Structure formats: structure tokens, C-alpha cells
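Comments concern the structure below.
Whatever order the structure lists ligands and atoms in, that order sets their numbers, starting from 1. Only a predicted model underlies this, so the values are computations on that prediction, with no experimental measurement involved.
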Amino acid sequence: MNVVVCLKQVPGTTQVKIDPETNTLIREGIENIINPFDTYAIEEGVRLRERFGGKVTVISMGPTQAEAALREAISLGADKGVLLSDAAFAGADTWATSCTLSMALRKLEPYDLVVCGRQTLDGDTGQVGPQLAEMLCLPFIAYVNRIEEIADGKMRVRRMVEDGYEVMESHLPAVITVVKEINTPRLPSLRGIARSKSASIPVWGVKDLNVDPDKVGMAGSFTRVVKIFSPQQDRQGEIFQGDIEKQVDCLIGRLKDNGLI
Ligand SMILES: Cc1cc2nc3c(=O)[nH]c(=O)nc-3n(C[C@H](O)[C@H](O)[C@H](O)COP(=O)(O)OP(=O)(O)OC[C@H]3O[C@@H](n4cnc5c(N)ncnc54)[C@H](O)[C@@H]3O)c2cc1C
């Protein structure tokens, strides 16, 4: 069973700062981590290999430092990593990101399953998984929290929906996104850490993927971030003290003062 896991390196903080000129993330001085949802994708890939054999390949599109995330994935049990990095990939929106990843997936064929996280900490759109499936003309199942069975070129999975679960069956190959309820990621093993240090991580660019530079990066993006900002908090809380009747009187008085009742 050959599994490809897509992982993204993201800033390891929610306190991200935005460059007001370029509207891109200021990455200097910020520790980067594997997108937390992608650690569940890696773990699921490794568990599938342990059950069915085959290999787990991790791929990431990003700057050169994303190689560290791929090495970490190898320390967690992945067999090999491929970094998709090229100046032409910079500034990609989700469409161009998915386009680049789908070209890499075509180069990695044959595989049985592509596993993505449900969303990222930074971009947070949850669009890449479904877009990949669409571009690769593969079946897609989102929010998977259990892979129940894989046999005869098919899989049966359980996915989370708002008010419960759905059990779905699909042909393979397919693309899924996973939620954190699917497993508990393991810690890196000593053997894994040693392997990750010596692993060679190929870097694929525009030429390796045989992709038109106008279809990737900023040139291939249909959307632009025009402005990013944190909403101003101009509301203030007030805590009323005393017994409950006094508190209610105070609240009603305050609402009247502000013309709200
Ligand atoms: C309109 C728009 C414009 C943008 N412009 C810029 C820009 O100018 N500069 C910039 O730096 N960023 C930009 N971004 C951010 C960048 O495009 C996204 O981070 C990227 O497309 C992935 O989207 P996401 O983070 O929402 O991933 P999601 O769709 O939330 O990710 C779901 C899953 O897909 C996989 N995945 C996502 N991204 C990758 C990846 N790179 N490699 C491997 N697997 C991945 C992971 O498994 C992940 O868990 C922009 C985003 C948008 C929406």
C-alpha cells in the first residue's frame, strides 16, 4: 500500500505578524512546525504501511526550510520525503498550491491513497485536499476519523459530520483529509531520528514537475491577499458585583444608559 502524505510547515504560534507592505507572513524569528493536523496524516500513513506493507512518501511545497519538516516526518516513520521548492512556486494561493502538489503526485504514481490534514494553522482554508482530488480526478472524503477497512482496491472509512458520523466506501486511489480523532501520533524513535538525519530529500522545481511556470506560484493564483489585519477589540467587559438583584438592576441601568432597551 503506497501512501503519500501532504504536509505543510507552518509558524508554531498563533501570534503571527503580517508584513503590512506585502501582506505576507513575517517568518523571521518564528519557530516552524509541521502543521498539527498533518502529524495525524503522517501517523495514519505509517499505520497503514505497518498493516499492509508498501511505503509512505511525504511531500511539502514550501521554502527550503520546509526540508526540516520532511526530515521530522521521516523520524516519525515516513520512508521518504520530497520537497517542492522553486522561486516560481512563491506567493501561491490554494489553487496554485494544489496545482503544484497534484503535478508532484502524478510524478509519484502509482499510489493508493493521498492523506492530507483537514486544514492548516495559518492559511486555514481546508481547500487543498478537495482541490487535489478534483485536479487528479480521484474520489475524495473529508474529515475522516477512522479507516475501517481496506480490501480489494476499496476502502471503508468513517467521517465526522456535524451531528454524528457517516460511513463511506470509495475506490482506491483516493484522497482523504483527516481529523485529530483518527489516532494519537507517536513520538520519533531513535532509529527514525538517525534515518531522518541521513535521508536524502530530493528538491523538485518547475522543470522536474514539467509544469508551466504561469500555472504555479503567484502567476498561477486566481486570488490575491489584498489586506490582512486583526480585528480591533473596542468592546469592554464589565463585571457587576453584589447580590443578584443588585447585579440585574445595574445591568438594566447600563442597558438603558446606552439606549439598548
Ligand atoms: C487568497 C490567498 C492568497 C494567498 N497568497 C499568499 C501569498 O501571497 N504568499 C504566501 O506565502 N501565502 C499565500 N497564501 C497562503 C497559501 O496559499 C496557503 O497557505 C496554501 O495555499 C495552502 O492553503 P492552506 O494553508 O489554507 O491549506 P489547507 O487547505 O487548509 O490545507 C489542508 C491540507 O493540505 C495540505 N497542504 C496545504 N498546503 C500544503 C503545502 N504547501 N504543501 C503540502 N501540503 C499542503 C496539508 O495536508 C494540509 O493539512 C494565500 C492564501 C490564500 C487563500
Here the atoms of ligand 1 under 4.0 Å from any heavy atom belonging to G123 are 24 (P), 25 (O), 26 (O)

Give yes if a backbone or side-chain nitrogen or oxygen of G129 is under 3.5 Å from a nitrogen or oxygen of ligand 1, and no if not.
no

Min heavy-atom dist G62 to ligand 1 below 4.0 Å:
no

Below the 3.5 angstrom mark, is there an N/O of K8, backbone or side chain, next to an N/O of ligand 1?
yes

Please identify which atoms of ligand 1 are closer than 4.0 Å to at least one heavy atom of N35.
49 (O)

Looking only at heavy atoms, is any part of T97 under 4.0 Å from ligand 1, and if so is it the side chain, the backbone, or both, or is it neither?
side chain

Please state which option from I59, V128, V178, T177 has its nearest heavy atom closest to atom 34 (O) of ligand 1.
V128

If we ignore hydrogens and angles and just use 3.5 Å, is the side chain of R118 paired with the main-chain N or O of G129 as donor and acceptor?
no

With backbone taken as N, CA, C and O and side chain as the heavy atoms from C-beta onward, which portion of L7 lies under 4.0 Å from ligand 1: side chain, backbone, both, or neither?
backbone

Does R158 CZ have over 12 foreign heavy atoms under 6.0 Å away?
yes

Does any N or O atom in F37 lie less than 3.5 angstrom from one in ligand 1, N or O only?
no

Does A92, backbone or side chain, put an N or O under 3.5 Å from an N or O of ligand 1?
yes

Atom indices of ligand 1, in the order listed, that fall short of 4.0 Å to a heavy atom of M61:
40 (C), 41 (N), 42 (N), 43 (C)

Per-residue contact class, D124 against ligand 1 - non-hydrogen pairs under 4.0 Å
backbone

Min N/O separation R118 to ligand 1 under 3.5 Å
no

After noting the C-alpha distance and the side-chain angles of T97 and K8, does the key distance pass the side chain to side chain contact (heavy atoms under 4.5 Å, CB included) rule?
CA-CA 11 Å; T97 300; K8 185 180 177 189; over 6 Å; no

Geometry only, no angles: is M218 polar-contacting ligand 1 at N/O separations under 3.5 Å?
no

What pairs meet the ring pair (Phe, Tyr, Trp, His ring centres under 6.0 Å) rule with one or both residues in residues 48-85, with sequence neighbours excluded?
none

For ligand 1, which atoms, with element, lie under 4.0 Å from some heavy atom of T94?
17 (O), 21 (O), 23 (O)

Within ligand 1, which atoms have a heavy atom of L101 less than 4.0 Å away?
42 (N), 43 (C), 44 (N), 45 (C)

Quick one: does ligand 1 sit under 4.0 Å from the side chain of D38, the backbone, both or neither, non-hydrogen atoms only?
side chain

Are I201 and I42 connected, step by step, through hydrophobic side chains (Ile, Leu, Val, Met, Phe, Trp, Tyr) whose heavy atoms are closer than 4.5 Å?
yes

If we only count N/O pairs under 3.5 Å, is G117 in contact with ligand 1?
yes

Assigning hydrophobic clusters by single linkage (Ile, Leu, Val, Met, Phe, Trp, Tyr; side-chain heavy-atom cutoff under 4.5 Å), is V216 placed with L209?
yes

Set out, in order, the CA-CA distance, both residues' side-chain angles and the distance that settles side chain to side chain contact (heavy atoms under 4.5 Å, CB included) for M135 and R106, then state yes or no.
CA-CA 10 Å; M135 288 175 183; R106 288 201 187 282; 5.7 Å; no

Is it the case that more than 12 heavy atoms not belonging to L260 sit under 6.0 Å from its CG atom?
yes

Is it true that, when you exclude N210 itself, more than 12 heavy atoms of the residues, nucleotides or ligands shown sit nearer than 6.0 Å to its CG?
no

Quick check: are there more than 12 heavy atoms from other residues, nucleotides or ligands sitting under 6.0 Å from CG of D257?
yes

Partner set under side chain to side chain contact (heavy atoms under 4.5 Å, CB included) for E166, not counting sequence neighbours
R159, V161, M168

Mark the output for A41 as yes if a heavy-atom distance to ligand 1 is under 4.0 Å, and as no if none is.
no

State which residue, out of E134, Q131, Q127, fulfils the side chain to side chain donor-acceptor pair (under 3.5 Å) condition with S98.
Q131

Which ligand 1 atoms, with their elements, are less than 4.0 angstrom from a heavy-atom of V225?
2 (C), 3 (C), 4 (C), 5 (N)

Which ligand 1 atoms are under 4.0 Å away from a heavy-atom of T223?
1 (C), 2 (C)

Near G91, which atoms of ligand 1 are under 4.0 Å from a heavy atom of that residue?
7 (C), 8 (O), 9 (N)

